[in-house]
Amino acid sequence: MAHHSHAEGEVHPEVGHVVPVRYLVGAGLALIVLTAITVASHSVDMGEANLPVALAIAMVKATIVALIFMHLRWDRPFNLLVLVASALFVLLMLAFAGMDVHQYEPTIFNGNPTQVEQTLQANAPGAPVAQVKSTNGGGT
Amino acid sequence: MTTIPLPTSGPVRDTLEARPDSDNYLTHTRGVLSWVFTLDHKRIGVMYMWAVLASFLLGGIFALLLRTELLTPGPTITDDANVYNKWFTLHGAIMVFLVIIPSIPAALGNVILPIMLGAKDVAFPKLNLFSFYLWMSGAVLCVLSLAMGGFDTGWTFYTPYSTTTDTGGVIPVLTAVFLLGFSSIFTGLNFVVTVHKLRPPGMTWFRMPLFLWALYATAIIQVLATPVLGITLLLLIVERTINIGIFNPSMGGDPVLYQHFFWFYSHPAVYIMILPAMGIISEIIAINSHRSIFGYRFIAFSSIAIAMFSFIVWGHHMFTSGQSALMNTLFSAISFSVAIPSAVKVFNWVATLYKGSVSLTTPMWYALAFIFLFTIGGLTGLHLATLSTDVHLHDTYFVVAHFHYVMMGSALIAMIGGLHHWWPKMFGRMYHEKLGTVACWIIFIGFNVTFFTQFMLGSQGMPRRYYDYQPEFQVYHVISTIGSYIMAFGFTLTAVSLFGSLFGGPKAPANPWGGRSLEWQCASPPPFDNFAKTPRAGDCYDFSAVHWDEKTGGYWVDESADAAKDGSHA
Amino acid sequence: MTQIAHDHKAPAHGHDHGHSHAHGSHGHDAHGHHDPNLAHHFDSLAQQFDSAKLGIWLFLATEVLFFGGLFVAYAILRMRFPEVFSYASHYLDTIMGGINTCVLIISSLTMALAVRYAQTDNRKGLITCLVLTFLGAVGFLVIKYFEYSHKFHDNLVWGPKFYVPPHSAEGDLEAAVLKTAPAAPGTAITVENPAPWQVPDLAKKPAVDASAVKAASQGPSGVARANGTPAPAPAAEPAPDAKDQAHPGTHLEDASMPPNTHLFFAIYYAMTGLHGIHVVAGMGILAWLTWRAVRGDFSSKNFTAVDTGGLYWHIVDLIWIFLFPLFYLIH
Amino acid sequence: MLTMLQTLPNAASQAIAAAAAAQSGATAPSARTFWMPPGASTIAPGVDLTLEVINWICYFFFAIIVALMVYFVAKYRHRRGERFRTEFPHHNTPLEIGWSVLPTLIVIGIFVVGFRSYLDIYTAPKNAFDIKVTAQKWGWTFQYPNGAQSDDLYVPAGKPVRLVLRSSDVLHSLYIPDFRVKRDVVPGRYTYMWFQCDHPTGLPAAEVRDPNAKTVAGPLDASQRHALFCTEYCGTGHSKMNRYVYVLDETTFGEWMTKQAQWIDEIPEEELYFKAGPKLFQRCVQCHSLDGVNGIGPSWKGIVERVKGYPMVGEGKKYATYQDYIRTSILAPGDYVVPPYANAMPTFKGQLNDKAIDALIGYMEHLDDFDPKTGKYLKAPAAK
């Protein structure tokens, strides 16, 4: 049960699974080609799309490596689960931390102290410091 | 040493027939090297245990120093605030990274888990030893950092303070924690594989003892969360040494991002501490009530549920940290979800007592203390998960009290309870039962005196990590300090009763409590390879097959009952 | 009388069992299986193999999360400073990066073949492939070395040094002016890296106002103010593009350089550096595997070490597959 | 024992509250309870209510759990030799689902309550009165719209106040227990918090707090002032980084603010350098030292001599006198930056008037009269 039957006419060791050469070489070529494609796509201006495209290609390449080179296609599903889970946890961390930074980013200074007030005004309209002028002398 | 007379239907499975009790894992090979290079999970576990207890002593000393300093406002035993800051930082760092996190999985888990599985060892014995030495080097480096000027960053290493403070011990201790983290990772990795691949025939997932479920859930967290701590500390180190600036506001970095990184590990870490404790309690309560644990599946699932939730609630450490209101709300909402499985566990434990046959052994006293303290710790968690009250309570002594109730009152009490529970198994000696019980009571009382006071202290507005405080708070501080002394006394008694037993304590039977899981069916102390032939596991919570045996002064398990059961199961 | 029987048995266990067993080379055992490849605590080769596979996969998961932290940091920095990333990415050499990607892919392929040859008892093929893989690793590092050294030469580095004119520009008027730059973040930054044990200057004096330093880290525009003259000739110079970048101090003289550009290089060195360390570790593993292969340890019955080592090597490749577009291919 | 704890502060606070009420004629804050300090802000009741609700839920469940535990242990106690009970429930799905769902509903309730009162804490009213707060190791600077500055916090009663928090060095956290508000102060960005207190405390007693006091005085004193803490660990002085909040009725506050803004005008010219100098220097101390150790900026030790030596200072040069140079470098620091120092100094235009700058220049001229470490005036008893 450690190895499955659909390794076409290949040697079966006592444990594990032997990947046919043509799979390996094919995977290698595919990866090289995809690398070429991604480099080419970079010189094409797709505006917003560049990053997603590059990442999509990377994902495909990663999948090939994982399934063929790393035997996951023939391996126990749980090992695949382990890999996917770890990736998901990275995304989880990215999602939450990213959302938060995105939320509070406007409150981060950008400029030197003499410009802080303008900066705050620019970064966060209606930000406290900006209102100092309007409420000036409000105390009296 | 005399060999136990072996009855025909032995109280103990094959192992004792297999070889004399004079040949156990402690005596099997001799000499220091046979320990230094041992690959035996039991010996590694025992070494962990002594190391962890030593660290606990160290951390405890710092705790007492802190409490003493706080007897009076202003200077009491040191007039230098920096010294105090180093004390509480050390207390925190030692107790978290050197004591609580490794205490149950690495120390008790290493000894018990494979035997519970009827296995000969963990899946990767060499890795196991390696992770022990990683731990040791971490510990040594931690102590070394004292010599290099100590560190006063607080155990959370918040930037930019941790990157700007000029205490020389910061980088050593960061490295130390980094190593400790990987030690913890490898232990967890080992356990996951062991539980997956080395379960004996008859032990399906839902026939695993709950301690194994707990250790398994813990191991998952260790594997998935700890690497993030590793990279965070690494970034902190390069931040300090070569100014890489990712967390450094003066270089466009973002200190709040560091807190996200840190808590992404450190909140799950809280469950690395408490989950195995819960497992121990499930074992102790079931065994000492001599009845099947109530709602086994709910307890098992709640362990996994807690492990999973633990990854998505870290933001509740950051409600006032400048985290956005949106995320505060989100994290607050999710945080409550952890309360549910925890509550389920408590209810199930109490229900397990119902119509049981409760024998009040020392471990049982610890288990009852745990339920009491964990309930308080858990319920006060509600105050802190609630946004508006947390704003008032955050970073006050209320938080300090809360996490001491959970980490010390629960995790550590359970660890000590488990130590008593498995002590006879580990060393083949019975400790002084009366003394153990009395010590448990003293610790329990001292603990509540110490930390319940701190709830009032905190909600009245006393911030944490304060060297100096308003005179109005003194009355609370004095009471708290007295409590800590009581606790110290209690722990001393425990030490006496446990370590004393090693010198001429009565010989322990294989199964002193009437346990049903496999470790109780193997000699105490176990032989070096636990079971000569892999045993068949029965229903580990069916105590009807457990019988008292006068001759050995312990219980024995009638396997024929198993066989019948398995037949019916099949 | 059972006692006696035991005494006969005892010597059989006299040696430290764990040691010899883990090497899989113990003869007699209480429950005697005799396969030398089988450690004492496993029941079957299949169980042992599956355990090893699950173990290494869990380890790879920790590696993914280990790098994951840096990927998160990268994503958040890029979210905060998109302009920095699209600007600074041009200083990276896409060609070299691309070549390196191919090198790693090919070494991954040879590694996968190595595993196959181990499984099929083809010792010659195994050794050849392991050596090829090793050479791939070396090639990767050599190319990386050239990339790094070139950037160090131009002070395209993390932190304060980024704002120090490269030595070749010394004496220039700008250089003289720019020299004051590093001191600007000086509140929080030391120019040359202090020894690991000693605390950087930022320990002594915290920033007056964090934002003050960010102004300085804006490079030329922030510095030009220093001598009263508005940012001079350099401002006129065209922004450097992928081709013309070698000119010393270019990035400092480039007025179009966005603030906090040093952060791009911070995360670039953090990630590629950590990846590089993994490559070095991988070389160690490969060397060890080759040595054992030459010694003839591996066979269709015992190839777990090659298999797991290979998986580690593939994850190193896998991570680079993402690093490449994220750093070199920003439009 | 607990009741003792409870009554002790209670009695005190009530007496004081009464006193405060008498002097200010305003209603007193809610009295100190077993759990909570006096609640002086408008949001305090909401928070306290939430806390009470949660408390009672906790009491209830804690009581049930412990009671059942003790009862079961007592009732089903087993002694060695007895036979084990065999008739017991293994599980009870409806019951278990029940006690999974019940807590769920309860915590949802708690979340909603907590969230609503949090919204009040978080969202400041539009018309809030803004005070700029700068935290640095180990003290606070409060800056008011009219340029006035103070170490303790003074706020107008009966109107919402918003604090804009900034940190000069590491993380800090501003916490006013009596107001139930807390917010971290993060370097590199600003955070803010708001509160409204309707109960004036009156101005502080005449005596000034002694910075070297062994212990810090508590919030409970005759003026019923409120304590203000730093709750994010920030090093040596963390536990000393606390000040007071004084709540003044609108007119008193207005007068105080105006007076605070012009404190310097009341000092005669000749006394300026030792009366105003040390106080003003506190705003420069972060970058400039008096003992010759250069920091972010050059030390002031011998600065007058140094400046005289500068190429562009002197008759007919860019700066006729060294006073001119110093004045310019305070108002327009970028004009000439002395290498290797960076252009890190903020301008003080609008913050320091001519008289203040004169005071500072005088201070530089008479540095020998001051303690190079603390900057305190050594000679005259006037400073004592």
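The chains referred to below are lettered A, B, ... by the order of the sequence lines, with proteins before strands, and numbering in each begins at 1.
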Donor-acceptor pair, side chain of B/T38 and main chain of B/D40, under 3.5 angstrom: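 Indeed, once roles are kept as given, a pair shorter than 3.5 Å links the two residues.
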
Expected output: side-chain B/S183 to main-chain B/S131 donor-acceptor under 3.5 Å: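 Looks like yes, one N/O pair under 3.5 Å.
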
Interface moiety of [X] toward chain C, non-hydrogen atoms closer than 4.5 Å:
X: B/V238; answer: neither
X: B/L235; answer: side chain
X: B/V122; answer: backbone
X: B/L257; answer: side chain
X: B/F247; answer: neither
X: B/L198; answer: both
X: B/L234; answer: side chain

Can you check whether [X] and [Y] have ring centres sitting under 6.0 Å from each other?
X: C/Y87; Y: C/Y91; result: yes
X: B/F124; Y: B/F186; result: no
X: C/F81; Y: C/F85; result: no

Under 3.5 Å, side-chain donor or acceptor atoms of residues 63-74 of chain C against the rest of the protein: list the pairs with distances, not counting sequence neighbours.
unit_1	atom_1	unit_2	atom_2	d
C/E63	OE1	C/H278	NE2	2.6
C/E63	OE2	C/H278	NE2	3.1
C/Y74	OH	C/R78	NH1	2.9
C/Y74	OH	C/L326	O	2.4

Minimum heavy-atom distance B/L117-B/R199, with the two atoms named: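 The pair with the smallest heavy-atom distance is CD2-CG, 3.3 Å.
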
Non-hydrogen side-chain atoms of C/H262 and C/W158 separated by less than 4.5 Å: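 No; the side chains remain at least 4.5 Å from each other.
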
Residues of residues 265-273 of chain C within contact distance of chain B, non-hydrogen under 4.5 Å: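 C/A266, C/I267, C/A270 fall under the 4.5 Å cut-off.
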
Any side-chain donor near an acceptor of the partner, B/N530 and B/H41, under 3.5 Å: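 Checked: B/N530/B/H41 side chains pair up, N/O donor to acceptor below 3.5 Å.
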
CG on B/D254 to NE2 on B/H260, rounded to 0.5 Å: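 B/H260 atom NE2 to B/D254 atom CG measures 8.0 Å (nearest 0.5 Å).
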
Pairs touching residues 221-233 of chain B that satisfy side-chain hydrogen bond (donor to acceptor under 3.5 Å, both in side chains), sequence neighbours left out: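 For residues 221-233 of chain B, and leaving out neighbouring residues, the side-chain hydrogen bond (donor to acceptor under 3.5 Å, both in side chains) pairs sorted by first residue read B/S184-B/Q222.
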
Verdict with supporting geometry, B/N128 and B/N110, side-chain hydrogen bond (donor to acceptor under 3.5 Å, both in side chains): CA-CA 9 Å; B/N128 202 13; B/N110 254 320; 2.9 Å; yes

Derivation and outcome, side chain to side chain contact (heavy atoms under 4.5 Å, CB included), residues B/F262 and B/W314: CA-CA 9 Å; B/F262 181 80; B/W314 79 82; over 6 Å; no

C/L54, part contacting chain B, at a heavy-atom distance under 4.5 Å: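 Contact with chain B involves both backbone and side-chain atoms of C/L54.
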
Which portion of C/L77 sits near chain B, non-hydrogen atoms under 4.5 angstrom: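 For C/L77, side-chain heavy atoms alone lie under 4.5 Å from chain B.
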
Residues from residues 187-194 of chain B approaching chain C under 4.5 Å (heavy atoms):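 Hits under 4.5 Å: B/L189, B/V192, B/V193.
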
Residue pair C/H275, C/W320: steps toward the side-chain hydrogen bond (donor to acceptor under 3.5 Å, both in side chains) verdict: CA-CA 8 Å; C/H275 179 265; C/W320 180 260; over 6 Å; no

